[in-house]
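Notes follow the structure.
Each residue takes its place number in the sequence, starting with 1. Quick note: numbers below take in every heavy atom, side chains included, and nothing from hydrogens, waters or symmetry partners.
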Amino acid sequence: METSSITILGGDMRQCYAAEYLYSLGWNVICCHTPAFPFKSGIMQADSLTDALEYSRFILTPTPLTRDNKNLFQTETNEPLCPLDDLWDSLTSNHKLAACNLPAEHRKTLENTGCEILDFGNDAFFQNQNAALTAEGLLAEVIRCTPFALSSVNILLLGYGCCGTAIGKLFRPLCRNIYLFEQDIEKQANARKQGFSPICTDDFSRILPECRLVINTVPTSIMDTAQLAQLHSSCHIFDIASAPFGFPADITEQCLLPHFRLPGIPGRFSPVTAGEIIGRTIERMAEHAL
């Protein structure tokens, strides 16, 4: 296995553009279960998972790893499914697997194989760049899906991590006010300096009726049914958190509030840039891992 080689598995167009970026740096690249794409002539396609994993010790999995917790995430419907169990059984201590926010149960399985895990979801460069793309794509969806001007609304932003920070920075000049729910005291203080209005649950009864946009970045439920009922009757909810998300899928039926669940925004709105960011992150990590 060549240390300058990489196997890229599954995913959406981000994987393809990551492949092109790494190939442009001189890496030997082979793809398996990736979308159909006009690859550069030197990028190879493997017919089987076995061939793909034998080609390289460095493996790049898709973001997210899986949608159904059983099979590798793939957008090409004409490709055969790639069960995660087959992938785990094929990995050895010779492999280094790069994944974004690998779920705990799969991390435990991989640790038993001896395969080294490189979680690029924790890389500061990737987090900041990916968050900026997430904010841009979210803005496009908010403008497309809402019947009112942003300049006329108050926004409730749930969470002030990387994505929440990027969203707040982009949306703040466009709206009337951003109320922020964030439990971390230091993050609250930083948000206040940026012109946001941190609130706590005790403020919900006063603030919720004023909000016509709720943007959630936290993968857990924050508001109960009674609190949701206090939201403005035309409030639109945008949930960009990873599973298990911040709102139930049937919230529109329960509360008559428009609800949009938007996973994987960079992959849908900015696949070229998002793929290059993954490639650049792998490049940086490989300098230490290979």
Side-chain angles (χ1 to χ4, degrees), residues 12-14 17-18 21 62-64 99-101 119-146 149-151 153-199 211-220 222 235-247 259-282 284-285:
D12 52 27
M13 295 301 289
R14 286 173 289 182
Y17 290 111
Y21 177 82
T63 303
C100 182
N101 301 324
D119 195 336
F120 64 87
N122 295 323
D123 181 86
F125 168 80
F126 174 81
Q127 288 181 334
N128 291 329
Q129 296 293 316
N130 202 61
L133 297 184
T134 297
E136 285 188 19
L138 174 63
L139 177 59
E141 282 292 83
V142 167
I143 291 173
R144 185 180 72 86
C145 297
T146 55
L150 281 175
S151 59
V153 302
N154 294 313
I155 296 175
L156 173 59
L157 175 61
L158 305 176
Y160 200 63
C162 284
C163 284
T165 300
I167 290 166
K169 181 179 180 181
L170 187 62
F171 278 70
R172 181 64 192 92
L174 304 176
C175 64
R176 290 178 60 188
N177 186 36
I178 294 182
Y179 296 108
L180 172 70
F181 181 82
E182 168 58 60
Q183 294 180 317
D184 186 281
I185 301 299
E186 184 176 349
K187 290 180 180 179
Q188 289 179 14
N190 290 336
R192 190 174 286 108
K193 292 178 182 178
Q194 300 302 317
F196 307 133
S197 302
I199 63 172
C211 296
R212 297 179 72 184
L213 275 179
V214 174
I215 298 173
N216 178 62
T217 69
V218 184
T220 187
I222 291 176
C235 183
H236 286 53
I237 299 173
F238 293 83
D239 193 350
I240 68 163
S242 56
F245 314 105
F247 296 91
H259 170 239
F260 306 89
R261 186 175 283 179
L262 303 173
I265 288 176
R268 292 190 293 122
F269 285 88
S270 309
V272 175
T273 306
E276 290 176 354
I277 288 170
I278 292 173
R280 291 172 65 189
T281 304
I282 297 304
R284 290 155 55 91
M285 297 180 75

Main-chain N/O of Ala241 paired to Thr217 side chain as donor or acceptor, under 3.5 Å: no
Verify side chain to side chain contact (heavy atoms under 4.5 Å, CB included) between Ile178 and Ile167, making sure each step is shown before the conclusion. CA-CA 10 Å; Ile178 294 182; Ile167 290 166; over 6 Å; no
side-chain contact (heavy atoms from CB on, under 4.5 Å) filter on Phe245, not counting sequence neighbours, yields Asp239, Ala243, Arg261
Set of residues satisfying side-chain hydrogen bond (donor to acceptor under 3.5 Å, both in side chains) with respect to Arg280, sequence neighbours excluded: none
Evaluate the side chain to side chain contact (heavy atoms under 4.5 Å, CB included) criterion for residues Leu157 and Phe171: first the C-alpha distance (whole Å), next the side-chain angles of each, then the deciding distance (0.1 Å), finally the verdict. CA-CA 10 Å; Leu157 175 61; Phe171 278 70; over 6 Å; no
Least distance between heavy atoms, Gly246 atom then Asn216 atom: CA-ND2, 3.3 Å
Can you name the side-chain contact (heavy atoms from CB on, under 4.5 Å) partners of Ala191, sequence neighbours left out? Tyr160, Leu180, Phe196
Non-hydrogen atoms of Gly279 and Ala18 that approach each other most closely: N-CB, 4.1 Å
Distance check, rounded to the nearest 0.5 Å: Phe238 atom CZ versus Thr146 atom OG1? 5.5 Å
Between atom CZ of Phe269 and atom OG1 of Thr134, what is the distance when rounded to the nearest 0.5 Å? 10.5 Å
Stepwise, does the side chain to side chain contact (heavy atoms under 4.5 Å, CB included) test hold for Asn101 with Asn122? CA-CA 7 Å; Asn101 301 324; Asn122 295 323; 4.1 Å; yes
Note, Arg268 side chain near Leu262 side chain (heavy atom, < 4.5 Å): yes
Going by heavy atoms in the side chains, are Leu156 and Ile199 under 4.5 Å from each other? yes
Distance check, rounded to the nearest 0.5 Å: Ile155 atom CD1 versus Cys211 atom SG? 9.0 Å
4.5 Å side-chain heavy-atom contact, Phe181 and Val218: no
Mind checking ring pair (Phe, Tyr, Trp, His ring centres under 6.0 Å) for Tyr21 and listing every partner two or more places apart, or none if nothing turns up? none
Measure the CD1-OG distance between Ile265 and Ser270 for me, rounded to the nearest 0.5 Å. 9.5 Å
Identify the heavy atoms of Pro271 and Met13 that sit nearest to each other, and give their distance. CB-CB, 3.9 Å
Smallest separation among heavy atoms of Gly267 and Asp12, with atom names: CA-OD2, 3.9 Å
With salt bridge (Lys or Arg N to Asp or Glu O under 4.0 Å) as the rule and sequence neighbours excluded, what pairs involving residues 119-142 come up? Arg107-Asp119, Glu141-Arg144
Between Thr281 (side chain only) and Ile277 (backbone N and O only), is there a donor and an acceptor less than 3.5 Å apart? yes
Nearest heavy-atom approach of Leu170 to Ala135 is CD2-O, 3.4 Å
In short, Ile278 meets Arg14 closest at the heavy-atom pair CD1-CB, 4.2 Å
Output all residues satisfying side-chain contact (heavy atoms from CB on, under 4.5 Å) with Ser242, sequence neighbours left out; order by chain, then residue number. Pro219
Kindly check if the number of other-residue, nucleotide or ligand heavy atoms within 6.0 Å of NZ (Lys169) is above 12? no
Are Pro244 and Thr220 side-chain neighbours, meaning at least one heavy-atom pair lies under 4.5 Å? no
Please identify each residue that fulfils ring pair (Phe, Tyr, Trp, His ring centres under 6.0 Å) with His259, with sequence neighbours left out. none
Which pairs count as side chain to side chain donor-acceptor pair (under 3.5 Å) when at least one residue sits in residues 171-186, sequence neighbours excluded? Asn177-Ser197, Tyr179-Glu210
Only counting residues at least two apart or in another chain, list the ones meeting ring pair (Phe, Tyr, Trp, His ring centres under 6.0 Å) with Tyr17. Phe37
What do the steps show when you test Cys175 against Asn154 for side chain to side chain contact (heavy atoms under 4.5 Å, CB included), and what is the final call? CA-CA 6 Å; Cys175 64; Asn154 294 313; over 6 Å; no
Pairing residues for Phe126 by the ring pair (Phe, Tyr, Trp, His ring centres under 6.0 Å) criterion, not counting sequence neighbours: Phe120
